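First up is the structure itself, then whatever we jot down about it.
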Amino acid sequence: MDWTGWALFGLVATTALTAALTTAQLAGLTRIDFPLALGTLVTEDPDRARVIGFFLHLGAGQGFALGYAATFALLHRATWWIGALLGFVHVAIALTVLLPLLPGVHPRMASQRAGLASTAMLEPPGLFALNYGNQTPVVVAVVHVVYGLVLGVLLNAG
């Protein structure tokens with residue numbers, strides 16, 4: 001397995017994903033904010049949470065990149081389309097399983113059952129993260145497919 005490639009290209013792909021997602025958020029296409037959601041696991045201050053969450057997101061991206069690189073190594077090839085397919089599987093699991101479970105473990109995220117008494121800072125994402133906007137599933141899917149595509153291209157070249 002290409003350890004140097006994984007470390008460098010995982011960082012490149014995660015930075016690209018984070019930049020694209022932040023751009024989509026600033027353009028009003030989605031309200032999802034992974035750095036904020038991750039950072040509020042640690043602190044309630046939203047500005048500090050975004051900074052801490054950015055680095056947590058980079059770390060998570062490196063972890064996922066390791067999984068992608070290991071999959072490429074098992075398949076004995078890395079291509080853009082295998083990377084894109086892995087990105088699609090990744091986002092499908094995230095949107096249908098992981099994000100809907102997040103309110104059960106996140107100390108500052110409301111749940112669908114919390115009701116009016118909730119003092120949580122973050123609203124629950126819901127299925128496909130639709131609570132963050134109707135275009136959110138498409139935006140999140142596109143950036144994760146691009147993440148996998150970038151890894152497939154860069155790890156193939158490395």
Side-chain angles (χ1 to χ4, degrees), residues 1-42 49-106 109 111-112 122-158:
M1 191 160 100
D2 180 5
W3 292 104
T4 305
W6 156 72
L8 176 62
F9 301 143
L11 187 62
V12 169
T14 304
T15 301
L17 179 148
T18 306
L21 201 52
T22 300
T23 301
Q25 183 186 23
L26 293 172
L29 298 175
T30 181
R31 290 184 297 108
I32 200 161
D33 188 338
F34 288 139
L36 179 65
L38 291 170
T40 52
L41 285 165
V42 179
R50 279 192 180 89
V51 173
I52 294 167
F54 173 78
F55 290 104
L56 291 172
H57 193 244
L58 284 179
Q62 285 295 95
F64 281 107
L66 180 60
Y68 282 59
T71 302
F72 293 139
L74 286 172
L75 296 173
H76 301 290
R77 65 184 187 166
T79 65
W80 68 267
W81 65 269
I82 294 173
L85 182 62
L86 290 173
F88 182 78
V89 170
H90 176 171
V91 77
I93 292 168
L95 288 175
T96 59
V97 179
L98 300 178
L99 285 177
L101 290 175
L102 194 56
V105 296
H106 198 298
M109 184 175 282
S111 71
Q112 299 285 32
L122 302 173
E123 65 183 311
L127 184 63
F128 302 120
L130 283 168
N131 289 354
Y132 296 129
N134 290 335
Q135 295 176 339
T136 297
V138 173
V139 168
V140 173
V142 166
V143 299
H144 281 82
V145 167
V146 169
Y147 169 84
L149 188 148
V150 167
L151 282 172
V153 167
L154 293 177
L155 287 170
N156 184 35

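Since this is a predicted model, take the numbers as computed values, not measurements.
The only option from Thr15, Thr22, Leu21 that meets the side chain to side chain contact (heavy atoms under 4.5 Å, CB included) definition with Thr18 turns out to be Thr22.
One finds the CG atom of Leu122 at 4.0 Å from the OG1 atom of Thr40 (value rounded to the nearest 0.5 Å). How far CG of Leu56 is from CG of Leu41: 7.5 Å, rounded to the nearest 0.5 Å. Atom OG1 of Thr4 is separated from atom CZ of Phe9 by 9.0 Å, given to the nearest 0.5 angstrom. To the nearest 0.5 angstrom, Leu149 atom CG is 9.0 Å from Thr79 atom OG1. Here the CZ atom belonging to Phe55 is positioned 13.0 Å from the CG atom belonging to Leu38, to the nearest 0.5 angstrom. Separating the CG atom in Leu36 from the CZ atom in Arg50 is a distance of 4.5 Å, to the nearest 0.5 Å.
What you find for Leu99 and Ala129 is that their closest heavy atoms are CD1-CB, 4.0 Å. Annotation for Pro35 and Phe54: closest pair CB-N, 3.6 Å, computed over non-hydrogen atoms. Taking both residues in full, the closest heavy atoms of Ala65 and Gly10 are given as CB-CA, 3.5 Å, listed atom of the first, atom of the second, then distance. Nearest approach of Ala24 to Val139, heavy atoms of both residues: CB-CG1, 3.6 Å. Between Thr14 and Gly61, the shortest heavy-atom distance links the atoms OG1-CA, 3.2 Å. Across every non-hydrogen atom of Pro100 and Thr96, the tightest pair is CG-O, 3.6 Å.
Looking at residues two or more places apart in sequence or on another chain, you find no ring pair (Phe, Tyr, Trp, His ring centres under 6.0 Å) involving Phe72.
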- Query: Are Leu11 and Gln62 close enough, and set up right, to give a side-chain contact (heavy atoms from CB on, under 4.5 Å), and what steps lead you there?
  - Reply: CA-CA 6 Å; Leu11 187 62; Gln62 285 295 95; 3.8 Å; yes
- Take Val146 and Leu17 through the test side-chain contact (heavy atoms from CB on, under 4.5 Å) and record every step on the way to the result. CA-CA 7 Å; Val146 169; Leu17 179 148; over 6 Å; no
- Message: If you apply the rule side-chain contact (heavy atoms from CB on, under 4.5 Å), what do you find for Leu154 with Val12, and how did you get there?
- Response: CA-CA 9 Å; Leu154 293 177; Val12 169; 4.0 Å; yes
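Aromatic ring pairs are classed by plane angle as parallel below 30°, tilted from 30° to 60° and perpendicular above 60°; the pair Phe34 and His144 is perpendicular.
A donor-acceptor pair under 3.5 Å links the side-chain atoms of His106 to the main chain of Ala37, judged by distance alone. Remark: side-chain polar atoms of Arg31 are paired, donor with acceptor, to backbone N or O of Asn131 under 3.5 angstrom.
Judged by distance alone, the side chains of Tyr147 and His90 never bring a donor and an acceptor atom under 3.5 Å apart.
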